[in-house]
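Please read these numbers as outputs of a predicted model, since none were measured by experiment.
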Amino acid sequence: FARPVGTASRYRMPPKKKAASKAKEEPKAKEEPKAKTLLKTKEPEPKAKAAPPKDASPRSLAPKEDNEEPLAKKAKTEPDAGEQEQDAPRDTRPVLQERIHFRPTDCTLNVVPAEGSKLLMALTEGGMQYLVAGARANVGVKAGRYLFELRIVEALNPAECSGAMRSRAPAPRQLLRMGFSTAGSSLILGESEEHACFDSEGTFRCGKKKTLAVCQKFQRDQVIGLLLNLDASSPNYNTLSVFRDGQRIAQPQKLSEHLRGKVLFPHICFRNLSVQVLTTPLPTKALPFKCRSLVGAAEADVVVAPCDEAGEDGRYEVVVPVALPDEGTFAWLDEFLERNPRFVELSDRKILEWAMQSGVWKHKTYRSCNDKPEFGFELPSMDDFSLRRVINSIAPVMPRHYVVMEVKSNLIEEERRETIERFRSPHFKKVAHVVVGEPTEVFKQVQLDKLLQEKQEQADQVWKAKRVEEEKRRHVLKRQKELEAMRKRAEEARKKAAEEAKRKRAEEARKRAEAIRRKALAAKNTEEGSEGDMGDEEGGEQEETRMDIDEVKAEGVKEEDDGQKDEVEADDAVPPRVELTEHEKTLWFGPQRETPDLAPSAVASSLARLSIPEKTEGFDSVKFEWFDEAASKAYLREWVVNKKKNSRVEDLKPGEWFQGWHKAWSKTFSEWQGEHKAWEL
């Protein structure tokens, strides 16, 4: 890269100027040491710097890097400026000793816990892949700020049949919801006022309110942390936050007023996933601030749910209600479940409710009966009742309290024996509850209160509809009056403008005539030599007697009030109160519903096989809720006789006597036909 000989650098200083500059700098250089010596005598000696560590790199010793290193350490130790959560102070209170796990009674039937509830899996056979699995932990938070973490370890893709591909399967196929709920609430997150949760699609649900795109999505192999802040001294008091791999992915979300002041338990819902629950005292992924997980919570800040899984004798109870259709069957069941929330109902109506809560789309179908409703999901693995078969198989494996609600099957001895055979394990106690006859006064009053409430709601709807129609009618009448008033004002304004123009034309004509008259009078006086005394001129100036045609009216014409009121006055602000009729007060089970408990064809085909259960069938005990055993059997016998009088028997088959006589008659009739044809020939 040598420059060619004979070429000069473009930026090289000329020789003369360079020499002159050196000459000027030489005296300054000679005076500089003297000034430096004076400054050295005045300045104090600097302190000895600490020796750098042996493993320090040359880059870390540079002055610029020394200035940046404290900033880097500060960024690691202090939270982000936008993060309002502060480091948790040291807590010396006793730590929770109870192990956090998910009890079978707080899990849906398709949840399979493993490794001491550290791994939660879901069944995916026979339509289970469409249902959401739910699990609630046994430890709840009532104060403080704690983190609950989990990780998605597996995403499943169950095989779909050809019919399911064309139907509306719930989306997304893999779903995770994690949040907090109160004890005893629904196990499907996001379907109750007692829930607050985030889901894997970025949605936040609190109560029944859903807010979309609140947080970023989270996927497999990511550590998802849920922070519940119930610390009254924190700026994020009564909020729920979500973190992904230690980084905040959503702003703190406020809890609803319905959840504040209550004990909240960690809750997980998932579909086609396997979830690992992380149970470490400290967060698995470091957060921007110091915080403890729920495992290391102070014992005073948490509540352990009571363990009331088994009964007094250490066994789980299987209740088989035996009741007649349309005679308080499901009403008694609803009251029983309300008094005993630990029981799980096994019935088709609960399967239908579970599917609807899981987002399975259902076509509008005719609901034949409450006992066996039509599904109509257009999903082959659900519409062919494979889901019922799977539930009947796994229920005896899951130790918990059950209510087997089958109206028809529970009235037939053979089918009751099949139910008892499924729960033959020694840890199950089979109990039959016979709900037949005249109910108790408490039950009657509850049914009358429900009937009165239904009638009041119907009356309120009619009243509201009538009120809306009346408001519409009044609005139309008011609009018509306004249009009529506007038309009248426009007509009056037009007349006023015409009269004003006429008056102006008359005034101008009068002024012109007056001017002509004055001019003629002045000419006449001049000719006669008048002295100009205009005070006595003939006729003088006549007094104006003209009246204005119309005074200028005030702008706007008030709406005419004809004094007539509307034909129909507005109803009172409070809807009318309804009362029960004398006939309704005598009803035991309320009026006949639109949807029966059992299809008429099913009732007619099973009348001959209906019976009251006995202990010899395999029950540990038989309880009679209303009538005793003898009265219940008599009531059932009378009910069957009355049904036979007006029921159509679909499967009626003739006996041997009838078949023999019918065969002989057919033979005789054919002989007669042959003789008749021979006679005709």
Validation row: [X], [Y] side chains within 4.5 angstrom (heavy atoms):
| X | Y | answer |
| --- | --- | --- |
| Leu150 | Met178 | yes |
| Glu418 | Glu421 | no |
| Tyr146 | Val295 | no |
| Trp588 | Gln447 | no |
| Trp354 | Val360 | no |
| Pro321 | Glu406 | no |
| Leu607 | Leu610 | yes |
| Asp371 | Asp597 | no |

Strictly under 6.0 Å, is that where the ring centroids of [X] and [Y] end up?
| X | Y | result |
| --- | --- | --- |
| Phe443 | Trp626 | yes |
| His433 | Phe336 | yes |
| Tyr130 | Phe377 | no |

So which heavy atom on [X] is nearest to which on [Y], and how close?
| X | Y | value |
| --- | --- | --- |
| Val622 | Glu614 | CG2-C, 3.9 Å |
| Met398 | Val111 | CE-O, 3.6 Å |
| Phe198 | Gln253 | CZ-CG, 3.6 Å |
| Thr329 | Asp326 | OG1-N, 4.2 Å |
| Phe624 | Val434 | CD2-CB, 3.6 Å |
| Leu189 | Cys269 | N-SG, 3.2 Å |

If the plane angle is over 60° it's perpendicular, under 30° parallel, otherwise tilted; pick one for [X] and [Y].
| X | Y | answer |
| --- | --- | --- |
| Phe343 | His401 | tilted |
| Phe423 | Phe428 | perpendicular |
| Phe180 | Phe148 | perpendicular |

Does Tyr316 form a ring-ring contact (aromatic ring centres under 6.0 Å, His included) with Tyr402? I'd like the steps, not just the answer.
CA-CA 8 Å; Tyr316 297 90; Tyr402 293 108; 8.6 Å; no

Check: Arg271 side chain, Leu175 main-chain N or O, donor-acceptor pair, under 3.5 Å:
no

Are any side-chain N or O atoms of His195 and backbone N or O atoms of Ser186, one a donor and one an acceptor, separated by less than 3.5 Å?
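Yes, the answer is positive, given that a donor and an acceptor are paired below the 3.5 Å cut-off.
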
For the atom pair [atom1] ([X]) and [atom2] ([Y]), what is the distance rounded to the nearest 0.5 Å?
| X | Y | atom1 | atom2 | answer |
| --- | --- | --- | --- | --- |
| Ile100 | Lys118 | CD1 | NZ | 11.5 Å |
| Asp199 | Cys215 | CG | SG | 7.0 Å |
| Lys217 | Leu176 | NZ | CG | 13.5 Å |
| Ser347 | Ile391 | OG | CD1 | 9.0 Å |
| Arg417 | Ser409 | CZ | OG | 15.0 Å |
| Gln276 | Glu115 | CD | CD | 10.0 Å |

What's the verdict on side-chain hydrogen bond (donor to acceptor under 3.5 Å, both in side chains) for Gln174 and Asn157, showing C-alpha distance, side-chain angles and the deciding distance?
CA-CA 8 Å; Gln174 291 81 22; Asn157 289 295; 2.8 Å; yes

Got a salt bridge between [X] and [Y], using NZ or NE/NH1/NH2 to carboxylate O under 4.0 Å?
| X | Y | answer |
| --- | --- | --- |
| Lys285 | Glu149 | no |
| Lys208 | Glu191 | no |
| Glu441 | Lys444 | yes |
| Arg416 | Glu617 | yes |
| Arg349 | Asp334 | yes |
| Arg388 | Asp348 | yes |

Just by distance, no angles: are the side chains of Asp449 and Gln453 close enough, under 3.5 Å, to form a donor-acceptor pair?
no

Verify whether one side chain among Ser185 and Arg136 offers a donor that lies under 3.5 Å from an acceptor in the other.
yes

Verify side chain to side chain contact (heavy atoms under 4.5 Å, CB included) between Leu255 and Leu230, making sure each step is shown before the conclusion.
CA-CA 10 Å; Leu255 298 176; Leu230 300 182; 4.2 Å; yes

Can you check side-chain hydrogen bond (donor to acceptor under 3.5 Å, both in side chains) on Arg99 and Ser117, steps first, answer last?
CA-CA 10 Å; Arg99 181 177 63 90; Ser117 297; 5.0 Å; no

Step-by-step side-chain hydrogen bond (donor to acceptor under 3.5 Å, both in side chains) determination, Thr182 to Glu194
CA-CA 6 Å; Thr182 58; Glu194 309 287 338; 2.8 Å; yes

Does [X] have more than 12 heavy atoms from other residues, nucleotides or ligands lying within 6.0 Å of its [atom1]?
| X | atom1 | value |
| --- | --- | --- |
| Glu125 | CD | no |
| Arg339 | CZ | yes |
| Glu414 | CD | yes |

Quick one: do Val214 and Val242 satisfy side chain to side chain contact (heavy atoms under 4.5 Å, CB included)? Show the steps, please.
CA-CA 10 Å; Val214 171; Val242 61; over 6 Å; no

With side-chain hydrogen bond (donor to acceptor under 3.5 Å, both in side chains) as the test, would you mind laying out the steps for Ser393 and Arg422 before giving the verdict?
CA-CA 8 Å; Ser393 300; Arg422 292 204 308 267; over 6 Å; no

Any chance you could lay out the side chain to side chain contact (heavy atoms under 4.5 Å, CB included) test for Leu96 and Val304, step after step, and finish with the verdict?
CA-CA 9 Å; Leu96 173 68; Val304 179; 4.1 Å; yes

Go through it in stages, so that I can follow the logic: the residues are Tyr635 and Glu438, the test is side chain to side chain contact (heavy atoms under 4.5 Å, CB included), and I'd like the CA-CA distance, side-chain angles, deciding distance and then a yes or no.
CA-CA 9 Å; Tyr635 186 88; Glu438 182 179 359; over 6 Å; no

